[in-house]
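One structure below.
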Amino acid sequence: MSDPFELEDAPAPAPARNPSYFDGLNDSQREAVEAVEGPVLVLAGAGTGKTRVLTTRLAHILMQNRAGPGEVLAVTFTNKAAREMKERVSRLVGRPVEGWWVGTFHAIGARLLRAHAEAVGLSPQFTILDADDQVRLIKQLTDIHEIDSKRLPPRAISGIIQQEYQARLSTLNAADFGDLLLLCLELFRKRPEILKEYQHRFRYVMVDEYQDTNVSQYLWLRLLAQEHRNICCVGDDDQSIYSWRGAEVGNILRFEEDFPGARVVRLERNYR
C-alpha cells in the first residue's frame, strides 16, 4: 500500500514560450538579437535581414526591461530608415514607444546641440544650413573675394574662405550638416561632464550601415559607448563595394580593437 503522504512526482514545467517577435528568425539573426550585453559587430550584406535584426533587437531590449526608450541610442543614415525602425519596433512591442533616441546622425547631433548650444557659441534656436544654403553662402564669399570658381579647384577655394565661412556661420547663429557632429565632439571636449551624462544615459547604442560612417561619426559613437560598452554595429565589410565612395570601411575592421572581447555575428543567408 502506498504511503498516503508520499508526494507524486510533480509534472515537468512547460518549456518557456519564445517571444513572438523571435518567430521566423534564423539562428544567426537570433544570436545577434539576443547578444545584448557587451560589444557586438553584425556583418551583413544586402538581403540578409539586418534591418529585422536591428528592430527585433531593440524590441527585445525594451520587452526585457533592460532599458527604457530614452536609454537606447539607435542611429541610422536616413530619416526614412529611422521612421521605419520606430514603426517596426512599435508593432513588435504592441504599443507606441515614446521618448526614444532613434534618428539619423544629423538629427541626434542637432538634438544634443540644441540642449547645450551655448557651450559651443550658439543659441538653442540655431539654424541648420542645407546643401543649397551652403552653396549660396559660399557663392557670397567667393564673390566678395573675387574668386573665379571655374579656375580654382574646390580645395583651394575652401582654404581661402574657410575661416570666414565659419565666422559667417557664427554670425548667422547657424551650423551646416557637416558641423553638427564636429560641434558635438567639441562640446564633449569642452564639457566632459556633459559627455559623462550621455555616456551614462545610453545603456545601449545601435548603428546601422556602420561601413558608411566617417571619422567624426566613428569618434562620436565610440565616445558615447564607453561606459556601458553595449554597442551593436551592423555593416557590410565588403570593401570593394563601399571604399570607392569614401566610406571608412576601416571602422569595421578596427571594431574588435576598439572594443576588446566583441562578439562578431555574420548573417549569411540571403532572402532576396
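The basis for the numbers below is simple: all heavy atoms, side chains too, and nothing from hydrogens, waters or symmetry mates.
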Mind listing the side-chain donor-acceptor pairs of residues 220-234 below 3.5 Å, one per line with the distance, residues two or more places apart or on another chain?
from: R222; atom 1: NH1; to: Y218; atom 2: OH; distance (Å): 3.1
from: Q226; atom 1: NE2; to: R222; atom 2: O; distance (Å): 2.9
from: E227; atom 1: OE1; to: H200; atom 2: N; distance (Å): 3.3
from: E227; atom 1: OE2; to: H200; atom 2: ND1; distance (Å): 3.0
from: H228; atom 1: NE2; to: H200; atom 2: O; distance (Å): 3.0
from: R229; atom 1: NH2; to: P260; atom 2: O; distance (Å): 2.8
from: N230; atom 1: OD1; to: G38; atom 2: N; distance (Å): 2.7
from: N230; atom 1: ND2; to: R203; atom 2: O; distance (Å): 3.2

The side-chain contact (heavy atoms from CB on, under 4.5 Å) partners of R168 (sequence neighbours excluded) come to L137, Q140, L141, I144, E164, L172
Rounded to the nearest 0.5 Å, the NZ atom of K50 sits from the CG atom of L267 at a distance of 10.0 Å
For residues V75 and L181: do they belong to one hydrophobic cluster (side chain heavy atoms under 4.5 Å, members Ile, Leu, Val, Met, Phe, Trp, Tyr)? yes
The complete set of ring pair (Phe, Tyr, Trp, His ring centres under 6.0 Å) pairs with one or both residues in residues 52-95, sequence neighbours excluded, reads Y21-H60, F22-H60, F77-F105
For R266 and L43 the tightest heavy-atom approach is NH2-CD1, 3.2 Å
Using a 4.5 Å cut-off on heavy atoms from C-beta on, say whether the side chain of R191 contacts that of L195.
no
In terms of side-chain heavy atoms, does Q211 have a donor or acceptor partner in E209 at a distance below 3.5 Å?
yes
Heavy atoms of D176 and Y165 approach each other most closely as OD2-OH, 2.7 Å
Quiz prompt | Verify same cluster id: V72, F202 (apolar side-chain graph, 4.5 Å) | solution = no
Between A67 and L62, the two heavy atoms sitting closest are O-CD2, 3.6 Å
### Message
Do M206 and L54 have side chains that approach each other closer than 4.5 Å (heavy atoms only, starting at C-beta)?
### Response
yes
Closest non-hydrogen atoms of V53 and A32, given as atom of the first, atom of the second and distance, are CG1-CB, 3.7 Å
State plainly whether one hydrophobic cluster holds both L25 and V264, where clusters connect Ile, Leu, Val, Met, Phe, Trp and Tyr through side-chain heavy atoms under 4.5 angstrom apart. no
Nearest heavy-atom contact between Q29 and G24 is OE1-O, 4.1 Å
| I128 vs R114 side-chain heavy atoms within contact, under 4.5 Å | yes
Mind telling me whether Y198 and H116 have parallel, tilted or perpendicular rings, with 30° and 60° as the class edges?
perpendicular
Query raised in the report: Side chains of S28 and N26: donor-acceptor distance under 3.5 Å anywhere?
Result: no
Counting C-beta onward and ignoring hydrogens, is there a side-chain heavy-atom pair between V207 and V205 closer than 4.5 Å? no
Requested in this report: List the steps and the verdict of salt bridge (Lys or Arg N to Asp or Glu O under 4.0 Å) for R83 and E87.
Outcome: CA-CA 6 Å; R83 283 194 303 271; E87 290 168 0; 5.5 Å; no
For a quick test of your reading: what N or O donor-acceptor pairs under 3.5 Å do the side chains of residues 89-101 make, sequence neighbours left out?
from: S90; atom 1: OG; to: K86; atom 2: O; distance (Å): 2.9

### Message
Between L169 and F126, is there a side-chain heavy-atom distance shorter than 4.5 Å?
### Response
no
query: Do E84 and T55 have side chains that get closer than 4.5 Å, going by heavy atoms?
result: no
Rounded to the nearest 0.5 Å, the OG1 atom of T127 sits from the CG atom of L122 at a distance of 9.5 Å
Look at the aromatic rings of H106 and F177 and report parallel, tilted or perpendicular, splitting at 30° and 60°.
-> tilted
Applying side chain to side chain donor-acceptor pair (under 3.5 Å) to E186 and not counting sequence neighbours gives K190
CG of D212 to OG1 of T76, rounded to nearest 0.5 Å, is 11.5 Å
Would a distance-only check, ignoring hydrogens and angles, find a side-chain to backbone donor-acceptor pair under 3.5 Å from T171 to A167? yes
Contacts satisfying salt bridge (Lys or Arg N to Asp or Glu O under 4.0 Å) that involve residues 132-143 (not counting sequence neighbours) are D133-R136, K139-D143
Between the CG atom in L219 and the SG atom in C184, the distance rounded to the nearest 0.5 Å is 12.5 Å
Would you say V215 and L183 are hydrophobically clustered, going by side-chain heavy atoms of ILVMFWY under 4.5 Å? yes
* Check whether V36 and M63 end up in the same hydrophobic cluster, where Ile, Leu, Val, Met, Phe, Trp and Tyr are linked by side-chain heavy atoms less than 4.5 Å apart. => yes
Note to self: Using a 3.5 Å distance criterion without hydrogens, assess whether the side chain of Q217 forms a donor-acceptor pair with backbone atoms of N214.
What the structure shows: yes
Practice task
Check the pair Y204, E37 against side chain to side chain contact (heavy atoms under 4.5 Å, CB included), reporting the backbone distance first and the verdict last.
Solution key: CA-CA 9 Å; Y204 294 91; E37 296 301 319; 2.6 Å; yes
*For residues T51 and R88, determine if any side-chain heavy atom of one lies less than 4.5 Å from a side-chain heavy atom of the other.*
yes
Scanning both residues in full, the closest heavy-atom pair of N251 with R254 reads OD1-NH1, 2.7 Å
dist I194:CD1 -> Q199:CD (nearest 0.5 Å) comes out at 12.0 Å
